[in-house]
Amino acid sequence: MHPKARIHADPVLEVDQFDCLPDSLVLLILNKVEDVRSLGRCSAVSKRFCGLVSLVHDVYVKIDRVVAVDGDAEDTLNLSSPKPRNIFSHFLKLMLFTIIKPFHNMRNPNGNGRPLFAQLSQHSPAQVLRNFTHIRNLRVELPSGDVGTEEGVLLKWRAEYGSTLQSCVILGGTRVDRRPVGGEHEPSLEDNGSMPESFYTNGGLKLRVVWTISSLIAASTRHYLLRSIIKDHPTLTSLVLTDADGQGTLCMGAEQLKEFRENQLSASACSNRTQVPACNMKLKYAPYLELPDGIALQGATLVAIKPSTEGSNGGHTSRKETDAFISGAFDGPFKVAVKALMKRRTYLLEMNGF
């Protein structure tokens with residue numbers, strides 16, 4: 001007869017080795033996960049994980065699709081359409097289906113058996129994030145850009161905000177092409193470093209004004225929608241709101257978030273967005289730019305925007321800091337485009353607040 005110890009499994013081997021890891025190490029792992037949907041699944045694993053997930057510092061929320069509050073999945077809006085769309089006109093009446101689905105089976109840690117996120121169709125991103133009590137770095141990605149453009153047109157923007165606009169840079173081009181290998185482009189006769197006369201006569205300047213206003217409206221609308229998230233998370237030190245198309249990015253750092261909380265938000269009277277202050281704009285233009293990766297950009301335009309009364313809110317920004325913000329606004333070949341345009345002649349414009 002075998003000894004009793006050989007008949008039964010060794011109790012030591014039945015111990016869950018993961019339970020031996022300290023909470024600090026598990027929290028470090030969860031911070032690397034970031035994705036809110038994956039964190040939701042982790043919360044459903046155990047009471048320990050549920051408690052630790054709420055302490056995560058870094059969170060990434062990717063919005064894949066939205067459905068009507070009183071609708072179902074069949075009413076999902078098609079946000080992948082290349083046609084112009086205005087997601088923000090519907091945003092407050094919509095709920096995020098994909099990002100909160102993993103939370104559906106989560107139970108309240110108090111043990112009353114109620115779902116942690118009851119009535120999913122009534123929850124917004126701000127309500128989902130309220131269960132994360134120690135967020136420091138938050139990144140939110142919308143499913144698409146806010147400004148509809150024609151195929152082949154380039155429009156990218158990046159804005160810094162406190163309680164109001166602090167800086168914005170816009171990069172546009174009337175057409176992005178793939179340059180043929182070994183092909184050369186003959187310089188335009190009008191490209192002498194100055195704005196060509198045709199720029200004023202063929203609607204080029206009007207188009208740039210439309211790009212600028214549309215981008216500022218998109219940025220101010222995103223900024224307005226962040227109010228409840230910033231209010232509910234005093235630990236936030238970095239907030240980035242971007243989109244899957246890579247069209248626009250709104251960013252706020254620690255000092256800007258602090259200034260946002262300390263000053264009253266000026267809302268626009270005509271819609272749910274922050275009021276855009278009166279601004280000074282510097283416009284630079286090049287008829288044609290050759291960029292890395294075989295990219296050619298026609299009608300390249302760079303617009304750098306600063307509030308006219310910069311010193312009253314958010315402090316004064318030096319020219320060196322402003323140039324650093326502009327040159328670092330975009331990555332890849334578009335970073336090269338910005339640096340090339342910064343060397344061009346500058347044209348000054350002014351815009352009233354709206």
Side-chain angles (χ1 to χ4, degrees), residues 60 62 87-88 137-149 153-173 176 208-226 230 236-257 259-260 273-274 276-277 279-285 289 291 295 297 300-307 310 313-315 317-342 344 346 349 351:
Y60 164 57
K62 181 179 181 181
I87 182 176
F88 293 109
N137 306 302
L138 174 62
R139 185 163 62 97
V140 181
E141 181 181 297
L142 297 174
S144 57
D146 320 315
V147 184
T149 57
V153 172
L154 171 71
L155 180 61
K156 298 174 75 68
W157 59 266
R158 185 178 183 89
E160 282 188 337
Y161 265 85
S163 61
T164 186
L165 177 69
Q166 293 186 358
S167 298
C168 182
V169 57
I170 300 169
L171 175 65
V176 180
R208 272 66 177 184
V209 172
V210 171
W211 286 351
T212 300
I213 294 176
S214 299
S215 298
L216 288 173
I217 289 177
S220 62
T221 306
R222 293 188 186 187
H223 181 248
Y224 186 83
L225 295 174
L226 294 173
I230 297 174
L236 270 176
T237 59
S238 173
L239 196 160
V240 176
L241 179 54
T242 184
D243 56 75
D245 295 341
Q247 184 186 82
T249 300
L250 183 150
C251 51
M252 300 177 71
E255 291 298 322
Q256 294 158 325
L257 287 164
E259 193 262 331
F260 180 95
R273 61 176 178 82
T274 306
V276 178
C279 294
N280 295 322
M281 300 183 293
K282 295 181 178 180
L283 186 147
K284 297 171 182 288
Y285 173 82
L289 287 179
L291 307 178
I295 295 177
L297 182 61
T301 308
L302 180 69
V303 182
I305 305 170
K306 298 288 290 186
E310 181 186 347
N313 285 306
T317 304
S318 67
R319 180 175 178 178
K320 184 177 181 180
E321 291 174 326
T322 300
D323 290 346
F325 170 73
I326 296 173
S327 61
F330 310 111
D331 297 323
F334 302 119
K335 186 182 184 73
V336 177
V338 169
K339 289 185 176 181
L341 286 167
M342 289 180 70
R344 311 286 294 198
T346 300
L349 302 171
M351 180 179 66

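- For residues 329-341, there are no side chain to side chain donor-acceptor pair (under 3.5 Å) pairs, not counting sequence neighbours.
- Partners of T237 under the side chain to side chain contact (heavy atoms under 4.5 Å, CB included) rule, at least two apart in sequence or in another chain, are R136, N137, A254.
- Looking at residues two or more places apart in sequence or on another chain, you find a side chain to side chain donor-acceptor pair (under 3.5 Å) between T249 and T242.
- Every residue meeting the side chain to side chain contact (heavy atoms under 4.5 Å, CB included) condition with V338, not counting sequence neighbours, appears here in chain and number order: L171, L302, I326, F330, M342.
- Here F334 pairs with nothing under the ring-ring contact (aromatic ring centres under 6.0 Å, His included) rule; sequence neighbours left out.
- Applying the side chain to side chain donor-acceptor pair (under 3.5 Å) rule to K284 yields the partners T346; only residues at least two apart in sequence or on another chain are considered.
- Checking side-chain atoms of R344 against main-chain N and O of Y285 turns up a donor-acceptor pair under 3.5 Å.
- Looking at residues two or more places apart in sequence or on another chain, you find a side chain to side chain contact (heavy atoms under 4.5 Å, CB included) between I213 and V209, I217, M351, F354.
- A cation-pi arrangement is found for R139 relative to Y60, the charged atom lying closer than 6.0 Å to the ring centre and inside a 45° cone about the ring normal.
- Contact of the V336 side chain with the L289 side chain is not registered, since no non-hydrogen atoms from C-beta on lie closer than 4.5 Å.
- In terms of modelled atom types and a separation under 3.5 Å, the side chain of R222 and the main chain of G248 share a donor-acceptor contact.
- In this structure, T212 and I305 have side chains that are in contact, with non-hydrogen atoms separated by less than 4.5 Å.
- Residues that satisfy the side chain to side chain contact (heavy atoms under 4.5 Å, CB included) test with A159, not counting sequence neighbours, are W157, Y161, L165, C168, A219.
- With sequence neighbours left out, the side chain to side chain donor-acceptor pair (under 3.5 Å) criterion links Q247 to no other residue.
- Under the side chain to side chain donor-acceptor pair (under 3.5 Å) criterion, Q256 pairs with Q166, sequence neighbours left out.
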